[in-house]
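Input: a single structure, listed below in structure tokens.
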Amino acid sequence: MTGEEFAQVSEAQIAAHWREEGYVNPPAPFIAQANAGDPAIFERFREENFPECFKEYADLLTWERYWHTTLDTSNPPFWKWFVGGRLNASYNCVDRHLAKYRNKAAFIWVPEPESDRAEVVTYQDLYVRVNEFAALLRDFCGVKEGDRVTFHLPMVPELPISMLACARLGVIHSEVFGGFSGAACGDRIADSESHVLVTMDGYYRNGDLLDHKVKADEALATAEKRGGVVDKVLVWRRRPGSYSSQTPMVAGRDFFVDELLPDYRGRVVEPVSMPAEAPLFLMYTSGTTAQPKGCQHSTGGYLAYVAGTSKYYQDIHPEDTYWCFADIGWITGHSYIVYGPLALAATSVIYEGVPTYPDAGRPWRIAERLGVNIFHTAPTTIRMLRKLGPDEPRKYNHHFKHMTTVGEPIEPDVWRWYHDVVGKGEAVIVDTWWQTENGGFLGSTLPALLPMKPGSCGPGVLGIYPVIHDEEGSVIPAGSGTAGNICIRNPWPGIFQTIWGSPERYVQIYYEKYCKDRSSKDWRDWPYFAGDGALHAADGYFRILGRVDDVINVAGHRLGTKELESACITVDEVAEAAAVPVMDEMRGRAVEIYIALKPGVAPGKQVEDKVAGAIERLIGKIARPKNVWIVPDMPKTRSGKIMRRVIAGISNFTGTGDITTLANPEVVETIRHHVQAEKVERGELPRELSEQEMEEIKAFGHAE
Ligand code: WTA
């Protein structure tokens with residue numbers, strides 16, 4: 001095959017032959033108590049019953065006014081769900097539970113320092129705190145329906161309190177993951193045109209009290225450069241009354257929330273009645289361009305979808321103690337720590353810190369102490385806990401009925417440790433595949449009704465009808481052993497409404513590829529392109545291979561190669577940069593950076609450090625590259641495009657493919673020799689990759 005031919009081979013045409021894992025059945029005690037225990041539910045959600053089937057999810061909510069149209073498809077692909085309906089998300093997550101559950105814990109917050117007591121936030125307490133903060137936002141900051149407010153908050157109860165306060169006012173919240181840099185937060189402030197930033201002075205991470213307020217000043221400086229205007233910064237204090245940051249407060253701009261709140265004591269703010277279609281929040285995520293996309297989620301459709309999937313897939317009952325060990329700064333936390341569980345009156349655990357602080361037994365001590373019976377986390381956390389404490393779970397008396405994995409493909413042997421050791425063989429596991437854009441799960445097993453298959457997420461969830469297309473748009477049938485692009489044939493209530501400020505990109509990125517008729521008003525003509533490669537087994541289960549675009553999934557965090565590369569070229573010495581994924585035992589994938597220097601610049605460790613530093617400063621610590629390689633030139637096509645797949649092959653020792661049609665094929669061997677020799681010397685030789693991982697590396701960058 002020539003290089004050009006190789007470049008045109010889509011992942012869809014790559015045959016994959018790895019071994020199918022055997023089934024594992026859900027335990028009988030789980031089945032006996034499950035919310036979805038009757039197979040009739042599959043009938044109710046059959047395609048013939050679409051879209052009305054989703055009434056079942058919407059009926060889990062309290063509507064101020066019932067809707068008249070379940071799904072309006074008149075302006076595809078801008079779907080409208082539950083049109084005519086009105087509701088308030090804060091009311092649904094808080095007020096309506098007071099009658100029955102006033103004194104039940106809504107949240108149990110576990111601070112990282114183990115000597116600090118857990119803080120219980122009852123539904124009553126939550127109600128009071130949400131109302132007071134809503135009053136402050138409205139009366140002190142002057143925000144109103146439809147305005148955006150950006151948060152840069154860590155894992156503290158003040159984060160869901162701030163979210164629910166905004167929801168109460170019909171204000172759109174936009175939380176930026178606390179671990180992101182100030183600059184990344186600033187970009188998102190400017191893009192969403194928020195005039196208020198809500199942050200915290202500091203928080204604990206790995207034993208240190210980090211200065212977080214310093215990022216607010218960086219964020220505002222970045223936002224201003226992009227034309228953003230922030231007039232108020234509200235600073236929650238990790239320890240009210242004492243300031244944990246070295247950064248000065250700016251008079252007239254920065255305010256301590258704990259000093260303002262007494263003025264709002266006992267204030268009650270009527271929940272604002274919002275149309276089902278009103279945006280509830282923005283969640284920024286990485287894609288194929290340097291600018292992160294603000295995914296806009298709706299109030300009615302989103303809340304119905306996360307309530308329904310929390311009930312049937314997370315199997316949450318009000319008496320459960322549910323712990324989703326993700327960050328609320330990501331979609332998983334929004335949907336499955338806050339909105340879904342609270343809509344069902346659950347008790348949701350929030351942990352401030354890292355899983356292994358002070359040791360790898362911490363999560364199991366928390367679970368034992370709080371009586372957690374539903375546990376939810378990502379493969380990267382499971383890998384880390386296994387590596388540092390393979391026998392730790394056996395030392396604790398925790399018992400899970402249900403466990404979730406989310407965010408990355410899970411290796412079958414990691415799955416088995418999760419099942420056998422963490423879950424003690426007592427828990428059912430759901431592997432949930434979905435994305436920031438989706439609001440809630442897309443692929444998973446219904447826990448009491450379908451067997452588990454390690455490494456596969458399962459079939460489409462209730463009311464989701466996936467399909468695998470090849471590059472030409474033909475359907476790849478189940479059981480063919482050929483991978484392709486997974487798409488969802490139908491709209492669903494949790495799908496995001498648009499990219500904030502860029503409706504044309506929304507259409508182009510997610511729908512254009514497989515839309516056969518742009519003028520069609522029939523949803524069947526508008527499959528949703530997820531950007532993941534997948535394999536459809538004969539039993540209907542999907543195995544997700546990973547991204548087909550140039551997104552790198554580091555420890556479950558999506559990083560765009562273009563974002564990484566633009567951070568690199570802010571370094572003066574750098575002429576060109578390319579980011580590729582490299583297999584990493586703990587994080588799943590890590591980032592490696594290749595840079596070419598400007599003429600006359602001498603290579604050296606100093607430049608490498610500058611590049612790593614720029615990424616950390618502009619994006620955040622999570623994006624810090626594993627290696628920065630300085631190369632004489634980038635491998636390029638004759639039209640000057642950097643061939644990322646070639647360097648990805650070098651980084652992963654998987655071969656470079658055919659390179660004869662490159663403009664500069666000779667450089668490939670120079671780079672390969674330099675990088676691989678150095679890796680061998682550092683002991684960074686990867687383990688033997690599975691076929692699936694080989695396919696992933698080969699497919700990387702194909703969508704470019
Ligand atoms: C990947 C996280 C395999 C996938 C909820 C997707 C998964 C991206 C799984 C979205 C899973 C998520 N198995 N891969 N169970 N779940 N992914 O937007 O590539 O942070 O496109 O949403 O993570 O990441 P995001």
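Atoms within a ligand are numbered from 1 in the order they appear, just like the ligands themselves. When reading the values below, keep in mind they use all heavy atoms of this one structure, side chains included, and skip hydrogens, waters and symmetry mates.
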Q) Which protein heavy atom lies closest to atom 6 (C) of ligand 1, and at what distance to 0.1 Å? A) Asp532 OD2, 3.1 Å
Q) How many angstroms lie between atom CD1 of Ile619 and atom CG of Leu564, to the nearest 0.5 angstrom? A) 4.5 Å
Q.
Could you work out, for atom 7 (C) of ligand 1, the closest of Arg547, Met283, Glu408, Arg558 by heavy-atom distance?
A. Glu408
Q. Looking at Asn553, which atoms of ligand 1 are within less than 4.0 Å of one of its heavy atoms?
A. 1 (C), 23 (O)
Q: Kindly state each residue pair satisfying salt bridge (Lys or Arg N to Asp or Glu O under 4.0 Å) with at least one member in residues 437-466, sequence neighbours excluded.
A: Glu20-Lys453, Lys293-Glu437, Glu437-Arg558, Lys453-Asp539
Q. For ligand 1, which atoms, with element, lie under 4.0 Å from some heavy atom of Ile544?
A. 3 (C), 14 (N)
Q. What's the shortest distance from atom 10 (C) of ligand 1 to any protein heavy atom, and which residue and atom give it?
A. Trp434 O, 3.5 Å
Q) Is the Tyr305-Trp81 ring centre distance short of 6.0 angstrom? A) no
Q) What residues form a salt bridge (charged side-chain N to carboxylate O under 4.0 Å, His left out) with Asp420, not counting sequence neighbours? A) none
Q. So which heavy atom in the protein is nearest atom 17 (N) of ligand 1, and how far is it from that ligand atom?
A. Gly407 O, 3.2 Å
Q: Below 4.0 angstrom from a heavy atom of Thr436, which ligand 1 atoms are there? Numbered from 1 as shown, please.
A: 18 (O), 20 (O), 22 (O), 25 (P)
Q: Check whether any side-chain heavy atom of His402 lies under 4.5 Å from a side-chain heavy atom of Asp320, and answer yes or no.
A: no
(Q) I'd like to know if the side chain of Tyr506 and the backbone of Pro77 have a donor-acceptor N/O pair within less than 3.5 Å. (A) yes
Q: Using distance alone, determine whether Thr405 and ligand 1 share an N or O pair under 3.5 Å.
A: no
Q) Distance only, no hydrogens: is a donor on one side chain within 3.5 Å (strictly under) of an acceptor on the other, for Ser335 and Tyr302? A) yes
Q: Number the atoms of ligand 1 from 1 as they appear, then name those within less than 4.0 Å of a heavy atom of Thr332, with their elements.
A: 5 (C)
Q) Any heavy atom of Cys457 sitting closer than 4.0 Å to ligand 1? A) no
